[in-house]
There are 2 protein chains.
Amino acid sequence: MYEVFQNYLNNKISLTDEEADLIKSVTIIKKLRKKQYLLQQGDVWGYNAFITQGCLRTYSVDEKGMEHVLSFAVENWWIGDRESLLSGEPSRFNIDAIEDSEVAIIRKVDFDRLCREIPAFNDMVNLILQKSFVASQNRIHSAISFTAEEKYLNFIQKYAGFALRIPQNMIASYLGITPETLSRIRNQSAKK
Amino acid sequence: MYEVFQNYLNNKISLTDEEADLIKSVTIIKKLRKKQYLLQQGDVWGYNAFITQGCLRTYSVDEKGMEHVLSFAVENWWIGDRESLLSGEPSRFNIDAIEDSEVAIIRKVDFDRLCREIPAFNDMVNLILQKSFVASQNRIHSAISFTAEEKYLNFIQKYAGFALRIPQNMIASYLGITPETLSRIRNQSAKK
DNA sequence: ATTATAAATTGATATAAATCAATTGTTAGG
DNA sequence: CCTAACAATTGATTTATATCAATTTATAAT
């Protein structure tokens, strides 16, 4: 499924054949079965990963064993732990597959090289980072401003494309509410 | 107070005299009195702003007139609305001064030029963006995982350097709790 | 200094959401 | 296909936090 990544790149930027080849040469395709880890708490994350198929989540597990979902990502999204990537420290997060999935991963050194040698690639990456930042600002805004119901409706609207692929308990965790509360909200909202 | 910005730059990167001059030539120093807006909801944000002195906040105002604080920033921090900057759309946020302050602002076109012409500057900006993203991820984690008290303690610890400069009602807003709740938490915590 | 204005505190009460517990529904593996 | 494990629902209850209201304290303006 490298084509998915290729299409994504072609859509965003124009590359010479050599550049496209260079990217391909450092990209590793990895299949993940449902529930399989891409990253485990305590390991260092040294890649950039692009999802070519499936659906993944990033989450932490606290002392009480509770999971807190930080993000979901599907085909054509990037995923990883930027904190660990940046610091070289062990990650506080887990990333695993919600469905059977496939990712295109690029090692940090290779990725840095791509950024250095292919200006358009660098620009693309930078733009993604900026958009990610904006998205996380919006998520913070939702978390501090909205009621549970508003958070849910906001989520459904924003992730309309794949909200149905995600189990409710994970959505609840993402929103910072309990599965029971989410279930009740869904019932109520349906009645309106 | 351009020196504050200059020192910051010298600390982060090394610049030739020409580069330093170029940066200085496009930097506009602006003083802000307490409560003065740097950006108002509905206006387009077209700058990058570095704080040389004082303390500012970014916040939204909802239909009910409630304020929701998205971020605080003090000397040696950057501030702005990246969403508006990126999209060119009117901002949903306000930025104003919590204290009499001073900012060094650079217009978008000039800033882009600095990034293009001074590689070290570009790298620095990129690193800041990455760290900002990591910080916002951590904030999300706190918002969805912690109780009101934990959020507050976490805030105090993270912003130890300037937490005392910020009025409590704004801290409460930042944490997504009411000022009354924050006041009670502080009383209780103090007793322990 | 003195007043006006806003911020913080405190108490009483209401409410949203969490927790606990039981039941039903769904999915995946043998 | 059948059962085990898990996910979602529903109800009863508790708890954390919000809301409303009054008072005290702090800050700013004249």
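Order of the sequence lines sets the chain letters (A, B, ...), proteins ahead of strands, with each chain counted from 1.
Remark: A:T181 is not in phosphate contact with C:dA17, judged by side-chain N or O atoms under 4.0 Å from OP1 or OP2. Between C:dT27 and A:K34, no contact under 4.0 Å exists linking OP1 or OP2 to a side-chain N or O. Residue A:T178 places none of its side-chain N or O atoms closer than 4.0 Å to OP1 or OP2 of C:dA17. At the phosphate of C:dT9, OP1 or OP2 sits under 4.0 Å from a side-chain N or O atom of B:Q168. Look at B:N187 and you won't find any side-chain N or O under 4.0 angstrom from OP1 or OP2 of C:dT9.
Here the C1' atom of nucleotide D:dT17 and the CE atom of B:M66 are 13 Å apart, to the nearest Å. In this structure, B:K64 places its NZ atom 8 Å from P of D:dT19, rounding to the nearest Å. In this structure, the CD atom of B:E67 is 9 Å from the P atom of C:dA7, given to the nearest Å. Atom-to-atom, CG of A:N169 to P of D:dA5 comes out at 18 Å; the value is rounded to the nearest Å. Distance, A:R186 CZ to D:dT9 C1': 11 Å, rounded to whole Å. Taking atom CD1 of residue B:I185 and atom C1' of nucleotide C:dA8, one finds them 14 Å apart after rounding to whole Å. In this structure, the CD atom of B:E180 is 8 Å from the C1' atom of D:dA18, given to the nearest Å. Atom P of nucleotide D:dT27 and atom CG of B:D100 are separated by 15 Å, given to the nearest angstrom.
Once rounded to the nearest 0.5 Å, the distance linking OG of A:S101 with NZ of A:K34 reads 10.0 Å.
Residue contacts shown for A:P179 are absent, as no nucleic acid heavy atom lies under 4.0 Å away. Looking at heavy-atom distances under 4.0 Å, A:L182 makes no contact with the nucleic acid at all. No engagement by B:K35 is indicated, since no non-hydrogen atom pair under 4.0 Å with the nucleic acid exists.
The backbone N or O of A:T16 sits less than 3.5 Å from a side-chain atom of A:E19, completing a donor-acceptor pair. In this structure, A:E75 contributes its side chain and A:G54 its backbone to a donor-acceptor pair below 3.5 Å.
Between A:A148 and B:P167, the residue whose closest nucleotide on DNA chain C is further toward the 5' end is B:P167.
Considering every non-hydrogen atom in both A:R165 and A:I98, the closest pair reads O-CG2, 4.0 Å.
At least one cation-pi condition fails for B:R107 and B:Y47: the charged atom is not both under 6.0 angstrom from the six-membered ring centre and inside a 45 degree cone around its axis.
Contact annotation: side chain of B:R184 to base of D:dT19, donor-acceptor pair present below 3.5 Å.
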